[in-house]
Amino acid sequence: MEEGEDGEQYLFKIVIIGDSAVGKSNLLSRYARNEFNLHSKATIGVEFQTQSVVIDGKEVKAQIWDTAGQERFRAVTSAYYRGAVGALVVYDISRRTTFDSVPRWLQELETHSDTTVAKMLVGNKCDLDNIRNISVEEGKSLAEAEGLFFIETSALDSTNVKKAFEIVIREIY
Ligand code: GTP
Ligand code: MG
């Protein structure tokens, strides 16, 4: 967290984590640029976007970091998490394996974070309700057990994307 010279600007680092292809990069592009890519490539290394949000009349800047879900494409893990005060932990509601990985991602976050982190469990691709494998209830109860917020999103049709980021930003602020 950083405070600007005038004491009115804040920069918060938020990380997005979760298995490959759950939609991390599309959640970020939908939020930051209102863009969605049906054929996006796996992320290699780290990317980030800075997004301004006005909360209670003050400008808050969120620096949102996105990395590869695939181990072999990931950058230095400790640097990725350093200074993060918020995290979106994403799974794909149509793929059970991505939900089963959530505790592992939380463990990695726990290991590498240096402060308290506001965490949101995100069940993405809720537009794929017809091939859903994880119920809303299951998502909710995992979030409750682990002390996270919970939301289902769709980067494809924009459902709750803004809300997912802004609940975390508001909590940090
Ligand atoms: P890595 O960079 O490999 O970790 O993957 P990622 O988590 O960044 O996934 P990415 O955003 O690249 O999306 C993977 C695939 O899922 C792409 O084909 C996207 O178009 C698709 N996708 C992402 N979000 C959604 C969504 O909300 N609904 C649907 N139906 N497809 C989505
Ligand atoms: Mg990606």
Side-chain angles (χ1 to χ4, degrees), residues 12-51 62-84 86-113 117-140 142-143 146 148-169:
F12 298 126
K13 177 175 174 180
I14 295 174
V15 293
I16 312 178
I17 53 179
D19 281 3
S20 185
V22 296
K24 298 180 298 296
S25 298
N26 275 279
L27 284 167
L28 180 54
S29 67
R30 176 63 81 193
Y31 179 56
R33 305 190 299 275
N34 199 20
E35 284 173 16
F36 178 81
N37 185 351
L38 203 53
H39 307 289
S40 62
K41 295 201 180 85
T43 304
I44 296 175
V46 179
E47 291 167 7
F48 67 80
Q49 298 267 331
T50 304
Q51 183 75 8
Q63 192 179 69
I64 306 163
W65 292 51
D66 172 33
T67 190
Q70 291 179 66
E71 194 67 47
R72 64 196 166 116
F73 290 153
R74 299 188 69 200
V76 183
T77 305
S78 54
Y80 185 70
Y81 290 103
R82 191 172 304 129
L88 272 68
V89 186
V90 186
Y91 65 92
D92 171 348
I93 67 145
S94 74
R95 276 194 301 141
R96 171 69 54 181
T97 54
T98 69
F99 184 71
D100 292 341
S101 295
V102 167
R104 194 174 53 79
W105 286 107
L106 288 171
Q107 186 54 56
E108 184 173 288
L109 175 64
E110 180 73 23
T111 304
H112 294 280
S113 55
V117 182
K119 287 164 275 190
M120 172 71 86
L121 180 64
V122 178
N124 189 40
K125 309 197 187 182
C126 68
D127 56 283
L128 299 180
D129 199 46
N130 59 326
I131 53 164
R132 174 189 287 278
N133 263 301
I134 296 97
S135 68
V136 175
E137 280 316 311
E138 239 184 302
K140 262 190 198 157
L142 177 61
E146 301 276 358
L148 325 183
F149 294 106
F150 174 69
I151 201 164
E152 282 196 354
T153 59
S154 168
L156 184 148
D157 69 16
S158 300
T159 303
N160 286 341
V161 174
K162 190 165 186 264
K163 206 169 164 188
F165 285 98
E166 294 187 358
I167 288 172
V168 171
I169 293 168

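All ligand and atom numbering here is 1-based and tracks the order in the structure. Excluded from the calculations below are hydrogen atoms, water molecules and symmetry mates; all remaining heavy atoms, backbone and side chain alike, are included.
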- Task: Report, rounded to 10°, the angle at the Mg ion (ligand 2) between the two atoms OG (S25) and OG1 (T43).
- Result: 80°

- Note on the structure: At under 4.0 Å between heavy atoms, what of D127 touches ligand 1? The answer is side chain

- Among all protein heavy atoms, pick out the one at the shortest distance from atom 3 (O) of ligand 1; state its residue, atom name and that distance to 0.1 Å. S20 OG, 2.6 Å

- Heavy-atom distances under 4.0 Å are what count here, so tell me which part of A68 touches ligand 1: side chain, backbone, both or neither. backbone

- Message: Looking only at protein heavy atoms, which one is nearest to atom 24 (N) of ligand 1, and what is the separation?
- Response: N124 ND2, 3.2 Å

- Note on the structure: One finds that the ligand 1 atoms under 4.0 Å from a non-hydrogen atom of A42 are 2 (O), 3 (O)

- Carboxylate-amine/guanidinium proximity below 4.0 Å for E138 and R132: no

- Query: Do the charged groups of D92 and K125 touch, with an N to O distance under 4.0 Å?
  - Reply: yes

- of all protein heavy atoms, closest to atom 27 (O) of ligand 1 is A155 N, 2.8 Å

- Message: Quick check on contacts: which atoms of ligand 1 are under 4.0 angstrom from a heavy atom of G69?
- Response: 1 (P), 4 (O)

- Between G139 and L121, which heavy-atom pair has the shortest distance, and what is it? O-CD2, 3.5 Å

- Task: Please report the closest heavy-atom contact between K24 and D19, naming both atoms and the distance.
- Result: NZ-O, 2.9 Å

- Indicate the ring-plane relationship of Y80 and W65, choosing parallel, tilted or perpendicular according to the 30° and 60° boundaries. perpendicular

- Message: Counting non-hydrogen protein atoms only, what is the nearest one to atom 5 (O) of ligand 1? Give residue, atom name and distance.
- Response: A21 N, 2.8 Å

- Message: Taking only non-hydrogen atoms of F73, do any sit less than 4.0 angstrom from ligand 1?
- Response: no

- Note on the structure: Under 4.0 Å from one or more heavy atoms of N37, ligand 1 contributes atoms 19 (C), 20 (O)

- Heavy-atom closest contact (D66 atom, S25 atom, distance): OD2-OG, 2.6 Å

- Message: At a threshold of 2.8 Å, where the distance has to be below it, does the Mg ion (ligand 2) have an N, O or S atom of T67 nearby?
- Response: no

- Query: Do E108 and Y81 pass the side chain to side chain contact (heavy atoms under 4.5 Å, CB included) test, and can you show the C-alpha distance, the side-chain angles, and the key distance before you say yes or no?
  - Reply: CA-CA 9 Å; E108 184 173 288; Y81 290 103; 2.7 Å; yes

- Where on D157 is there a heavy atom closer than 4.0 Å to ligand 1, on the side chain, on the backbone, on both, or on neither? neither

- Message: List ligand 1 atoms under 4.0 Å from L38, heavy atoms only on the residue side.
- Response: 17 (C), 18 (O), 20 (O)

- Query: Which residue holds the protein heavy atom closest to atom 17 (C) of ligand 1, what is that atom called, and what is the gap in Å?
  - Reply: S40 OG, 3.6 Å

- Note on the structure: A student checking ligand 1 against T43 at a 4.0 Å heavy-atom cut-off should list atoms 1 (P), 2 (O), 3 (O)

- Message: Heavy atoms only, cut-off 4.0 Å: how does L27 contact ligand 1, side chain, backbone, both, or neither?
- Response: neither

- atom 22 (N) of ligand 1 - nearest protein heavy atom and its distance: K125 CE, 3.7 Å

- Query: Among protein heavy atoms, which sits nearest to atom 9 (O) of ligand 1, and what does the distance come to when rounded to 0.1 Å?
  - Reply: G23 N, 3.1 Å

- Task: Check ligand 1 against N26 and write out every atom of the ligand that is under 4.0 Å from a heavy-atom position of the residue.
- Result: 10 (P), 11 (O), 12 (O), 13 (O), 19 (C), 23 (C)

- E110, CD: over 12 other non-hydrogen atoms inside 6.0 angstrom: no

- Message: Give the atom numbers and elements of ligand 1 that come within less than 4.0 Å of a heavy atom of K24.
- Response: 1 (P), 4 (O), 5 (O), 6 (P), 7 (O), 8 (O), 9 (O), 11 (O)

- Item | Exercise: identify the closest heavy-atom pair between N133 and S94 | ND2-O, 3.0 Å

- Message: Between T153 (side chain only) and N160 (backbone N and O only), is there a donor and an acceptor less than 3.5 Å apart?
- Response: no

- Message: For a distance under 2.8 Å, tell me if S40 has an N/O/S atom near the Mg ion (ligand 2).
- Response: no

- Answer whether the closest heavy-atom distance between the side chains of E166 and Y31 falls below 4.5 Å. yes

- Query: Should you measure from each heavy atom of L128, which atoms of ligand 1 turn up under 4.0 Å away?
  - Reply: 30 (N)

- Mind checking the CD1-CD1 spacing from I167 to I151? Nearest 0.5 Å is all I need. 4.5 Å

